[in-house]
Amino acid sequence: YLASEKKNKIISVTSSVGGEGKTFTAMNLAVILALSGHKTILVGGDLRKPQIHEDFKLDATKGLSNYLIGKITLKEAIHNTDIENLIVITSGPTQTNPAELLDSTKMKDLITELNKKYDYIIIDTPPIGLVTDGVILMKQADINLYIIRHDYTKIKMLSIINNLYEQQKQIKNINIIINDY
């Protein structure tokens with residue numbers, strides 16, 4: 001029911017810190033949507049601590065970071081999976097300027113292009129309690145999922161997402177998922 005007015009949806013998945021289940025949630029959401037018959041692409045937007053390549057057993061040497069710096073084509077960045085309707089763009093090798101890459105025109109153009117081809121774009125972002133990279137990607141999403149983990153996430157961390165929503169009006173359509181309850 002989220003962003004029901006949109007035909008194709010861009011969903012970012014973030015959290016405050018590592019270990020809350022952000023990547024786990026992004027991957028499972030992508031798989032569920034793909035298995036439901038929706039053309040889905042999972043984008044590894046965490047250029048600092050990439051993990052998706054390990055979980056899907058994909059090549060980590062070609063991915064989003066390589067594409068954004070112009071070393072490979074989009075076709076080379078895309079990885080097929082064993083799951084019908086699901087493809088993945090891994091994060092690629094870590095770079096020294098991930099926030100600049102994610103805030104680039106090339107990244108915005110990529111999301112626009114993917115949004116024309118896929119029913120769902122799921123973006124696994126870095127935790128927003130540590131760096132601003134996740135906020136950059138959340139601004140482009142139709143739906144933002146903020147993962148908190150029961151008995152793990154500190155209550156003061158919620159002030160980060162509240163500040164983004166209430167005071168700065170930077171992020172729209174924020175939804176909280178409680179993990180590991």
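Here, residue 1 is the first one in the sequence, and each next residue gets the next number.
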S.K.: Taking atom CG as the centre, does D82 end up with more than 12 heavy-atom neighbours from other residues, nucleotides or ligands that are less than 6.0 angstrom away?
M.R.: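 Open: at most 12 neighbouring heavy atoms sit under 6.0 Å from CG of D82.
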S.K.: For the OG1 atom of T23 and the NZ atom of K49, what is their distance to the nearest 0.5 Å?
M.R.: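 Atom-to-atom, T23:OG1 and K49:NZ are 10.5 Å apart.
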S.K.: Within the side chain of K22, is there an N or O that forms a donor-acceptor pair under 3.5 Å with the backbone of D124?
M.R.: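 No, K22 side chain to D124 backbone: no donor-acceptor pair under 3.5 Å.
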S.K.: Identify the residue among I87, N85, L42, L33 that makes a side chain to side chain contact (heavy atoms under 4.5 Å, CB included) with Y118.
M.R.: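 Exactly one pass, corresponding to I87.
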S.K.: Any chance CD1 of I178 has more than 12 other-residue heavy atoms, nucleotides or ligands included, within less than 6.0 Å?
M.R.: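 No - once you tally the heavy atoms of other residues, nucleotides and ligands closer than 6.0 Å, there are 12 at most.
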S.K.: Does this structure show an ion pair linking R149 with D180, if we count only N-O contacts that are shorter than 4.0 Å?
M.R.: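 D180 and R149: salt-bridged.
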S.K.: Has E20 got a side-chain atom pairing as donor or acceptor with V17's backbone, closer than 3.5 angstrom?
M.R.: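 Present.
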S.K.: Taking everything shown except K117 itself, do over 12 heavy atoms lie less than 6.0 Å from its NZ?
M.R.: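 Result for NZ/K117: open.
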S.K.: Once rounded to the nearest 0.5 Å, what's the spacing between atom OG1 of T125 and atom CG of N144?
M.R.: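 Output value for this atom pair is 8.5 Å.
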S.K.: Measure the spacing between CG of N179 and CG of D151 and express it to the nearest 0.5 Å.
M.R.: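 Taking CG in N179 and CG in D151, the distance rounds to 12.0 Å.
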S.K.: State plainly whether the residues K7 and D119 are in salt-bridge range, i.e. N to O under 4.0 Å.
M.R.: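 Looking at D119 together with K7, the answer is no, because their closest N to O distance does not fall below 4.0 Å.
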S.K.: If you count the non-hydrogen atoms of other residues, nucleotides and ligands that lie under 6.0 Å from NZ in K106, is the total more than 12?
M.R.: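 Count over threshold, so yes.
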S.K.: Looking at F24, I'd like to know if its CZ atom is crowded, meaning that more than 12 non-hydrogen atoms belonging to other residues, nucleotides or ligands lie closer than 6.0 Å.
M.R.: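 At most 12 heavy atoms, drawn from other residues, nucleotides or ligands, come within 6.0 Å of this atom.
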S.K.: Just one of L145, D133, T14, N173 clears the side chain to side chain contact (heavy atoms under 4.5 Å, CB included) bar with M138, so which one?
M.R.: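 It is T14; the other options fail the test.
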